Visitor: 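The structure is given below, and queries will be raised subsequently.
Just so you know, these numbers come straight off a predicted model, no measurement behind them.
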Amino acid sequence: MEKYYQGYLRESEAIFEDKILNESFQFYTLLDESEERITRNIFEGKLEDTLYNKYYWFMKFKLRYIKILGQNVGLEEKQFFLMEQMAEKLETKINWNILKDIEENIKFSIDNENILMKDK
């Protein structure tokens, strides 16, 4: 999946000094702006997959942002807005376990990135 997104990264559109913040923001933006096309072409019409991917990239951006730049109320509001959108668009209910797993996995990777970098 990430390989597909890589073709859309634009270094010239970098907003933040941090590479991970820029990538996460650009991936989220791509999914947000091209939701229908990505659902059709990448996820074989499975909107659920697109929405959970969009949530993943937003949360990766949000949690990295908080670690580097501190709390941001606008990001908290956006997270709840995304969940509301998901609830409206999904034919089934939101799988809260998936959202919880996404957040926990991202938090773990952010909390342990210094350790992981030393291992390489």
Side-chain angles (χ1 to χ4, degrees):
M1 183 62 56
E2 198 165 330
K3 280 178 134 179
Y4 174 80
Y5 298 146
Q6 290 295 336
Y8 291 93
L9 288 179
R10 296 176 189 91
E11 288 186 30
S12 63
E13 293 180 13
I15 299 170
F16 305 97
E17 289 181 28
D18 184 77
K19 181 181 177 182
I20 295 171
L21 272 180
N22 282 312
E23 286 180 354
S24 302
F25 183 75
Q26 286 186 37
F27 292 155
Y28 162 74
T29 302
L30 172 66
L31 285 158
D32 192 48
E33 292 175 352
S34 304
E35 184 178 290
E36 188 176 310
R37 181 174 50 91
I38 290 171
T39 298
R40 184 178 56 250
N41 297 331
I42 303 301
F43 295 114
E44 300 172 351
K46 298 175 186 165
L47 178 60
E48 181 176 313
D49 290 347
T50 305
L51 296 175
Y52 285 117
N53 267 275
K54 184 168 33 169
Y55 187 81
Y56 169 87
W57 287 109
F58 175 78
M59 289 304 296
K60 188 167 183 173
F61 171 77
K62 176 192 163 196
L63 295 172
R64 178 76 176 185
Y65 184 99
I66 289 169
K67 180 180 182 178
I68 295 171
L69 302 169
Q71 290 291 338
N72 183 306
V73 175
L75 293 177
E76 296 296 329
E77 291 174 0
K78 181 65 176 177
Q79 179 182 356
F80 289 109
F81 177 72
L82 279 175
M83 289 187 286
E84 286 177 355
Q85 276 186 326
M86 289 175 76
E88 290 173 11
K89 293 179 179 183
L90 289 174
E91 293 177 14
T92 61
K93 293 183 179 185
I94 292 175
N95 186 329
W96 296 105
N97 289 328
I98 292 175
L99 298 187
K100 181 181 172 191
D101 287 346
I102 287 171
E103 193 166 340
E104 287 176 358
N105 287 331
I106 294 168
K107 282 181 181 178
F108 178 81
S109 67
I110 288 173
D111 290 345
N112 292 295
E113 62 191 12
N114 290 339
I115 294 167
L116 296 172
M117 294 303 282
K118 288 178 186 175
D119 290 343
K120 290 187 176 185

Visitor: Nearest 0.5 Å, what's the CD1-CZ distance between I20 and R64?
Guide: 4.0 Å

Visitor: Is it true that, when you exclude K89 itself, more than 12 heavy atoms of the residues, nucleotides or ligands shown sit nearer than 6.0 Å to its NZ?
Guide: yes

Visitor: With a 3.5 Å distance limit and no angle check, can you tell me whether K107 reaches the backbone of L63 through a side-chain donor-acceptor pair?
Guide: no

Visitor: Would you check if I98 and Y55 make a side-chain contact, meaning some heavy-atom pair closer than 4.5 Å?
Guide: no

Visitor: Going by an N to O cut-off under 4.0 Å, is there a salt bridge joining K60 and E23?
Guide: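 Not counted as a salt bridge, because no side-chain N and carboxylate O are separated by less than 4.0 Å.
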
Visitor: Is the side chain of D18 donor-acceptor paired with the backbone N or O of I68 at a distance under 3.5 Å, no angle test?
Guide: no

Visitor: Is the backbone N or O of Y28 less than 3.5 Å from a side-chain atom of D32, with the two atoms forming a donor-acceptor pair by type?
Guide: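 Not a single qualifying donor-acceptor pair exists.
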
Visitor: Taking the inter-plane angle between the rings of F25 and F16 on a 0 to 90° scale, is it parallel (under 30°), tilted (30 to 60°) or perpendicular (over 60°)?
Guide: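 Taking F16 first and then F25, their aromatic rings stand perpendicular (interplane angle over 60°).
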
Visitor: Keeping S109 on the side-chain end and I106 on the backbone end, is there a donor-acceptor pair under 3.5 Å?
Guide: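 Yes, the answer is positive, given that a donor and an acceptor are paired below the 3.5 Å cut-off.
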
Visitor: Drop me the distance from Y65's OH to Q71's CD, to the nearest 0.5 angstrom.
Guide: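 The distance works out to 10.5 Å.
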
Visitor: Output the distance between atom OH (Y56) and atom CG (D49), rounded to the nearest 0.5 Å.
Guide: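 That separation rounds to 15.0 Å.
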
Visitor: Would you mind telling me which of M59, M86, E35 makes a side chain to side chain contact (heavy atoms under 4.5 Å, CB included) with K54?
Guide: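 Among the candidates, only E35 passes.
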
Visitor: Start with the C-alpha gap between T29 and W57, add the side-chain angles, then the distance that decides, and say whether side chain to side chain contact (heavy atoms under 4.5 Å, CB included) holds.
Guide: CA-CA 9 Å; T29 302; W57 287 109; over 6 Å; no

Visitor: Check whether any side-chain heavy atom of L90 lies under 4.5 Å from a side-chain heavy atom of L51, and answer yes or no.
Guide: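 Yes, their side chains come closer than 4.5 Å.
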
Visitor: Between CG of N105 and CD1 of I110, what distance do you get to the nearest 0.5 Å?
Guide: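 Taking CG in N105 and CD1 in I110, the distance rounds to 11.0 Å.
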
